[in-house]
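Here is the structure we will look at.
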Amino acid sequence: TCIQRRILGYFSRT
Amino acid sequence: MLELRLVQGSLLKKVLEAIRELVTDANFDCSATGFSLQAMDSSHVALVALLLRSEGFEHYRCDRNLSMGMNLNNVSKMLRCAGNNDIITVKADDGSDTVTFMFESPNQDKIADFEMKLMDIDSEHLGIPDAEYQAIVRMPSSEFARICKDLSSIGDTVIISVTKEGVKFSTAGDIGTANIVCRQNKTVDKPEEATIIEMQEPVSLTFALRYMNSFTKATPLSETVTISLSSDLPVVVEYKIAEMGYIRFYLAPKIEE
């Protein structure tokens with residue numbers, strides 16, 4: 001099974 | 001005061017059609033650089049970044065940085081009232097809670113203005129670092145759209161694998177499996193029909209097809225699409241907007257648990 005990653009796991013808030 | 005005049009108004013119509021399925025509300029940011037937008041979908045799985053550079057407008061006046069919150073479905077409703085050959089001007093006064101879209105027919109015999117209410121949107125702005133990608137694929141945008149549409153009738157996810165053989169799009173579902181391989185092909189009549197693969201090392205990643213299909217709503221903006229892949233980064237699906245900028249979609253991969 002695959003889990004969907006989130007964008008916030010890669011890019012940080014500015 | 002803000003005043004942006006775009007002779008090729010159809011571009012703005014296409015931009016809205018490209019992003020309104022993915023994002024409901026967004027802040028349009030205006031600065032000396034240009035007209036831009038960055039927004040995530042409601043699940044925070046995908047991100048869209050739009051830039052229309054100021055030089056691409058026939059007239060661009062932006063006295064100070066301005067962020068305008070808009071419901072994209074409402075913007076789309078307004079822009080659909082503009083003819084495909086109309087010149088579109090976007091106007092806003094400092095501190096105003098409205099934006100005006102002015103549509104002029106090419107021979108100036110019809111001028112319409114539509115005023116839309118702005119909204120306050122709490123949005124997070126993310127820093128997107130420049131990155132080196134393991135593989136970059138450039139291909140006709142219509143071909144990419146066709147592949148995403150075809151695969152989504154078989155499965156829910158697509159595995160994109162780049163090797164020196166080419167780029168492979170694979171899916172699997174209840175009824176069976178599908179694999180589509182596109183080989184590098186530079187010997188075509190027109191450069192926009194080429195498939196070009198720049199690979200530093202092989203890469204294979206899994207993505208939700210629902211988002212990929214949503215990104216392909218940008219197909220009318222560009223004849224080609226660029227897909228940049230790295231195993232530790234979201235994929236970037238980029239549509240260049242001729243002489244003005246780009247629309248980039250970032251999608252986080254699915255990973256094995």
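Chain letters run A, B, ... following the sequence lines, proteins first and then strands; every chain starts at 1.
- Taking both residues in full, the closest heavy atoms of A:Leu8 and B:Leu126 are given as CD2-CD2, 3.5 Å, listed atom of the first, atom of the second, then distance.
- Of the listed residues B:Pro129, B:Ala208, B:Ala46, the one with more heavy-atom pairs under 4.5 angstrom with chain A than any other is B:Ala46.
- More than 12 heavy-atom neighbours from other residues, nucleotides or ligands sit within 6.0 angstrom of NZ on B:Lys14.
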Hey, what donor-acceptor pairs show up under 3.5 Å between chain B and chain A?
from, atom 1, to, atom 2, distance (Å)
B:Ser43, O, A:Arg6, NE, 3.4
B:His44, O, A:Ile7, N, 2.9
B:Glu124, OE2, A:Arg13, NE, 2.2
B:Glu124, OE2, A:Arg13, NH2, 2.8
B:His125, O, A:Thr14, N, 2.8
B:His125, O, A:Thr14, OG1, 2.9
B:Gly127, N, A:Ser12, O, 2.8
B:Ala252, O, A:Gln4, NE2, 2.8
B:Pro253, O, A:Gln4, NE2, 3.4
B:Pro253, O, A:Arg5, N, 3.0
B:Ile255, N, A:Ile3, O, 2.8
B:Ile255, O, A:Ile3, N, 2.7
B:Glu257, N, A:Thr1, O, 3.2
B:Glu257, OE1, A:Thr1, OG1, 3.0

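- Between B:Val45 and A:Ile7, the shortest heavy-atom distance links the atoms O-CG1, 3.0 Å.
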